[in-house]
Amino acid sequence: MFRIITTARLAELDNLASAFPMVRSKCDGLEKDLETERRRTTELTVEAEQATARFHQELANLNQQADARVAEARASAQRTEQRSTALINAAVERANGIERLADQKVRELNAEIEQLKAKLPHPTPNPEGVVARFQNLVGALIDLTLFVTEDTNAQPGYGYSSKCVDLKLVSLCSGCGYRKEETRDQVYDTPEARTSFLDGLYDGVKLKRWAQEHAETCRAVALPLQRAAA
């Protein structure tokens, strides 16, 4: 049975048939563009994967380098600490050795001092009548000697049992021989009288001050033997 197609339908089909080559051509073009985009997408995907792989590799390398540097820094710090500890221990050992040597030297010096003290002669007692002694710059002695002379002409006073004496205090330098003296005549020989004479501002104190000042300036060497005489 035949199908009857109207003229309008035939015109429509004719139009579609005439347009089909253009559609086909556009379709082929779109397919080619799609294929090109697919290839481009594949290439970009591969490049992205390669870039990602390179990034992870560089990151791994950086981590390895960082770990290596940290390990090297720790090892260097440990070596420095070991060297410092060794130096400190050596310094402490040297200090202990020096301290031991110093203690030993001090003991030896103390022993030598004791031996020298044992060898020193006992100091000779002061001559009779010497009440004070000074030493000048070169070792010569300045002696203050008290001489007591009985005054036979004086009469004992009432109530005094002591004899009447003349007191003389002589300051004599055994180096240069310079001499000074102070006297107090006709006094009763009592401890109080002697103390008053020796501590008097114009008697004993004056001579002691002179002897000390003379000792601080005199450079004369001691004479062979010189004693104060009355």
Side-chain angles (χ1 to χ4, degrees), residues 1-123 133-140 212-219 221:
M1 183 175 181
F2 296 100
R3 183 178 179 183
I4 298 174
I5 302 176
T6 63
T7 303
R9 180 61 178 166
L10 286 174
E12 182 180 356
L13 291 175
D14 185 47
N15 292 331
L16 291 175
S18 62
F20 180 76
M22 297 177 58
V23 174
R24 185 64 181 176
S25 176
K26 289 183 179 180
C27 183
D28 292 340
L30 291 174
E31 287 180 354
K32 290 180 181 180
D33 292 340
L34 180 60
E35 186 64 26
T36 302
E37 293 298 327
R38 285 177 179 174
R39 288 196 301 269
R40 182 59 180 166
T41 301
T42 303
E43 293 175 356
L44 292 176
T45 302
V46 173
E47 292 178 359
E49 291 176 352
Q50 292 176 352
T52 302
R54 287 195 302 271
F55 171 76
H56 288 296
Q57 183 63 36
E58 292 177 358
L59 182 61
N61 293 336
L62 290 176
N63 290 333
Q64 290 178 356
Q65 293 176 2
D67 293 340
R69 290 179 181 177
V70 170
E72 183 180 358
R74 289 178 178 174
S76 177
Q78 186 175 5
R79 290 193 299 270
T80 302
E81 183 179 2
Q82 291 175 353
R83 287 195 297 269
S84 300
T85 303
L87 290 174
I88 292 172
N89 292 335
V92 171
E93 184 62 26
R94 286 196 298 271
N96 292 335
I98 292 172
E99 185 177 0
R100 289 193 296 269
L101 291 176
D103 291 340
Q104 182 180 357
K105 191 63 177 180
V106 168
R107 289 193 295 269
E108 293 176 356
L109 290 175
N110 289 334
E112 292 179 4
I113 291 172
E114 294 299 328
Q115 292 177 359
L116 292 174
K117 286 182 179 180
K119 293 179 181 179
L120 288 175
H122 295 289
R133 171 167 283 180
F134 300 89
Q135 194 173 40
N136 72 357
L137 298 175
V138 292
Q212 182 174 0
E213 293 174 352
H214 183 77
E216 293 173 353
T217 57
C218 180
R219 292 180 174 83
V221 179

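Just so you know, these numbers use all the heavy atoms, side chains as well, and skip hydrogens, waters and symmetry mates. As the structure is a prediction and not an experimental result, all values here were calculated from the model.
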### Query
Given Arg54, which of Gln57, His56, Gln50 fulfils the side-chain contact (heavy atoms from CB on, under 4.5 Å) condition?
Gln50

#### Entry: Qualifying salt bridge (charged side-chain N to carboxylate O under 4.0 Å, His left out) pairs, either residue in residues 90-109, two or more places apart
Glu93-Arg100

### Query
Would you call Gln82 and Thr85 a side-chain contact if the rule is heavy atoms closer than 4.5 Å?
no

[atom2] on [Y] to [atom1] on [X], rounded to 0.5 Å:
X	Y	atom1	atom2	result
Thr42	Glu37	OG1	CD	11.0 Å
Leu137	Glu216	CG	CD	8.5 Å
Leu59	Gln64	CG	CD	10.0 Å
Arg219	Asn136	CZ	CG	9.5 Å
Thr36	Glu43	OG1	CD	10.0 Å
Arg40	Leu34	CZ	CG	15.5 Å

### Step-by-step side chain to side chain contact (heavy atoms under 4.5 Å, CB included) determination, Thr217 to Glu213
CA-CA 7 Å; Thr217 57; Glu213 293 174 352; over 6 Å; no

### Query
Has Glu35 got more than 12 heavy atoms of other residues, nucleotides or ligands less than 6.0 Å from its CD?
yes

### Task
Quick one: closest heavy-atom pair of Val221 and Ala140, and the distance?
C-CB, 4.3 Å

### Task
Spell out, as yes or no, whether a donor-acceptor pair under 3.5 Å connects the side chain of Ser76 to the backbone of Glu72.
no

